[in-house]
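Input: a single structure, listed below in structure tokens.
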Amino acid sequence: MPPDSVKICQAPRYQGRLTPVKRLQVFRSEGWRAATANELAAIYADDGDVSIIGIPGHLLKRWWSLAETDDFTTGFEHYAREMAKYLVYKDWILAAHLLMTVVASGGKHDRALIPSNPMRFGNGAVGTLIACINLDDENAAFALKAESGRIRIILEPGEGLMFPDSGVLWNRSKLGNSDLAVTLLIGEVLTE
């Protein structure tokens, strides 16, 4: 089972536009709210377990161009290779047996948290979720289980999270009035 204690950080060689104050929220009985200074100190650290990453704008635009084509399968294979090269270039992901899949989810409520390791992917493969990327054209939120309860990380389009090998409890979280959430999941498949 993933640990309850989780800290958030910026990945090396990435600087997002949102500050931790604007990015991190906590869940209390009245709902989601901005984290206080003490809560931020407990959640955010330079050497955190969960890292915030981001892809360049051309990779996000390429995704939406690909989503509108008739030859999605072949196009996605090329896109996944390009994405993997970028993540390796940044020294964020070095796994040899990567699986990339795009999921779309709807609904008005926060979903139950699920473990990132082990995780069952849509094709039935079991592995470890290494990262997830917000492919939407608007901000998205991802919820995590922390020692103090649930926390939520606001991500801009093209931003994502890298998860520790030990895993975390996580899921996409409702943000604003968005009805559909599109997320790229990047995992390492367990080989036998």
Side-chain angles (χ1 to χ4, degrees), residues 2-61 63 83 86-87 90-93 103 105-117 129-186:
D4 280 349
S5 176
V6 64
K7 293 209 183 261
I8 312 301
C9 69
Q10 294 280 136
R13 299 173 46 177
Y14 179 70
Q15 184 61 46
R17 294 184 310 164
L18 294 177
T19 64
V21 171
K22 292 182 179 178
R23 187 181 297 280
L24 300 173
Q25 298 179 335
V26 294
F27 187 82
R28 296 296 178 251
S29 59
E30 64 277 3
W32 292 106
R33 64 163 173 75
T36 65
N38 287 341
E39 290 166 332
L40 281 174
I43 298 170
Y44 195 80
D46 289 338
D47 59 345
D49 310 300
V50 175
S51 301
I52 299 166
I53 61 174
I55 61 173
H58 76 274
L59 284 175
L60 184 60
K61 287 178 186 173
W63 155 253
M83 182 69 73
Y86 177 75
L87 296 171
K90 287 294 215 173
D91 287 330
W92 292 338
I93 293 180
V103 295
S105 59
K108 296 290 185 188
H109 302 288
D110 291 337
R111 299 192 180 274
L113 300 180
I114 58 172
S116 64
N117 181 14
L129 183 64
I130 297 172
C132 63
I133 308 277
N134 171 25
L135 294 178
D136 286 345
D137 57 0
E138 55 189 45
N139 287 0
F142 290 82
L144 300 172
K145 173 75 171 110
E147 194 171 343
S148 60
R150 280 190 186 197
I151 59 174
R152 183 161 80 169
I153 304 167
I154 308 301
L155 300 174
E156 292 188 297
E159 286 189 320
L161 301 175
M162 279 189 350
F163 299 110
D165 291 339
S166 59
V168 294
L169 292 172
W170 79 286
N171 213 331
R172 188 80 185 234
S173 178
K174 180 187 176 306
L175 182 65
N177 294 322
S178 59
D179 289 329
L180 186 64
V182 182
T183 307
L184 174 67
L185 301 180
I186 304 169

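Numbers for residues simply follow the sequence, beginning at 1.
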message: Using side-chain contact (heavy atoms from CB on, under 4.5 Å), reason through Met162 and Leu87 one step at a time and then give a plain yes or no.
response: CA-CA 11 Å; Met162 279 189 350; Leu87 296 171; over 6 Å; no
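- The local environment of CZ in Arg13 is crowded, with over 12 non-hydrogen atoms from other residues, nucleotides or ligands closer than 6.0 Å.
- Nearest heavy atom pair, residue Ile133 against residue Gly158, reads CG2-O, 3.8 Å.
- From Ile130, atom CD1 reaches atom CD1 of Ile93 across 5.0 Å, with rounding to the nearest 0.5 Å.
- Among Leu144, Leu113, Val26, the single residue meeting the side chain to side chain contact (heavy atoms under 4.5 Å, CB included) criterion with Arg150 is Leu113.
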message: Run Cys9 and Asp46 through side-chain contact (heavy atoms from CB on, under 4.5 Å) and show every step you take.
response: CA-CA 5 Å; Cys9 69; Asp46 289 338; 5.8 Å; no
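- Looking at Asn117, its side chain does come within 3.5 Å of a backbone N or O of Asp165 through a donor-acceptor pair.
- The side-chain heavy atoms of Leu161 and Trp170, taken from C-beta on, include no pair separated by under 4.5 Å.
- Residue pairs meeting the ring-ring contact (aromatic ring centres under 6.0 Å, His included) criterion with at least one member in residues 9-29, sequence neighbours excluded: Phe27-Trp32.
- One finds the CG atom of Leu155 at 9.5 Å from the OG1 atom of Thr183 (value rounded to the nearest 0.5 Å).
- Here the closest non-hydrogen pair linking Pro20 and Leu40 is O-CD2, 3.7 Å.
- With respect to Lys145, the side chain to side chain contact (heavy atoms under 4.5 Å, CB included) criterion is satisfied by exactly one of Leu169, Val6, Val168: Leu169.
- With sequence neighbours left out, Gln25 forms a side-chain hydrogen bond (donor to acceptor under 3.5 Å, both in side chains) with Arg152.
- Considering only heavy atoms from C-beta on, Asp136 stays 4.5 Å or farther from Pro157 through its side chain.
- To the nearest 0.5 Å, atom CD1 of residue Ile154 and atom CD of residue Glu159 are 10.5 Å apart.
- When all heavy atoms of Ala181 and Arg172 are compared, the pair lying nearest together is CB-CZ, 3.4 Å.
- Looking at every heavy atom in both residues, Pro12 comes nearest to Trp92 through O-NE1, 2.9 Å.
- Going from atom CD1 of Ile52 over to atom CZ of Arg23 covers 4.0 Å, rounded to the nearest 0.5 Å.
- Atom-to-atom distance recorded for Asp49:CG and Ser51:OG is 8.5 Å, nearest 0.5 angstrom.
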query: What do the steps show when you test Leu129 against Leu185 for side-chain contact (heavy atoms from CB on, under 4.5 Å), and what is the final call?
result: CA-CA 7 Å; Leu129 183 64; Leu185 301 180; 3.9 Å; yes
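- Nearest heavy atoms, Arg33 versus Thr36: NH1-CG2, 3.9 Å.
- Panel note: side chain Asn171, backbone Ala112; a donor-acceptor pair is recorded below 3.5 Å.
- Applying the side-chain hydrogen bond (donor to acceptor under 3.5 Å, both in side chains) test to Tyr44 and every residue at least two apart in sequence or in another chain returns nothing.
- When all heavy atoms of Phe163 and Ser116 are compared, the pair lying nearest together is CB-OG, 4.2 Å.
- Side-chain contact between Leu184 and Ile55 is absent, with no heavy-atom pair separated by less than 4.5 Å.
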